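The next block holds one structure in the form of structure tokens; read it before the comments.
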Amino acid sequence: DTTVTIKWNTVDGATSYNAQISSDISFNNLIIDSINIQSDTLYVDGLDKNQTYYWRISANGGSSSGIWGPIRKFKCFIRHRSSMKNYYKQ
């Protein structure tokens, strides 16, 4: 399983945010459907490796209240140990 951090830009006047993460771009297969998030960051555990996920955020309060922002995507992967040797200097 993989853990990711989702962070977004705040919206002026927003009192909280809603977040959805799905394994399909139509958001028919929701992995996360969180409401009233009190920050601009969401930590998600238990995601599968080599899987593409789609996410979107909406604000509660402010000028864009209730409107979903643009759909973003990410893919979970595990870096091989041999490539980490060059990435972390000892």
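The residues of the chain are indexed from 1 along the displayed sequence. All figures in this text were calculated on a predicted structure; none of them were measured in a lab.
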Looking only at the side chains, is there a donor atom on one of Thr15 and Asn60 sitting less than 3.5 Å from an acceptor on the other?
no

Which of Tyr54, Trp55, Trp8 passes side-chain contact (heavy atoms from CB on, under 4.5 Å) with Arg72? It is Trp55

Nearest-0.5 Å distance, OH of residue Tyr53 to CD1 of residue Ile6
11.0 Å

Looking at every heavy atom in both Asp24 and Asn28, which two are closest together, and how far apart are they?
OD2-N, 3.1 Å

Does the side chain of Ser23 pick up a donor-acceptor pair with the side chain of Asn29 at under 3.5 Å?
yes

Is there side-chain contact between Ser22 and Leu30, with at least one heavy-atom pair below 4.5 Å?
yes

Quick check: does any side chain N or O of Asn18 sit under 3.5 Å from a backbone N or O of Ala59, one acting as donor and the other as acceptor?
no

Determine whether Val11 and Leu42 fall in the same hydrophobic cluster, where Ile, Leu, Val, Met, Phe, Trp and Tyr are linked whenever their side-chain heavy atoms lie under 4.5 Å apart.
yes

Would you say CD1 of Ile35 has more than 12 non-hydrogen atoms from neighbouring residues, nucleotides or ligands within 6.0 angstrom?
no

Identified side-chain contact (heavy atoms from CB on, under 4.5 Å) partner of Gln20 from the options Ile57, Asp33, Ile71:
Asp33

Shortest non-hydrogen contact from Tyr17 to Thr10?
OH-CA, 3.2 Å

Distance check, rounded to the nearest 0.5 Å: Phe74 atom CZ versus Gln51 atom CD?
9.5 Å

At what distance, to the nearest 0.5 angstrom, does OG of Ser16 lie from CD1 of Ile37?
8.5 Å

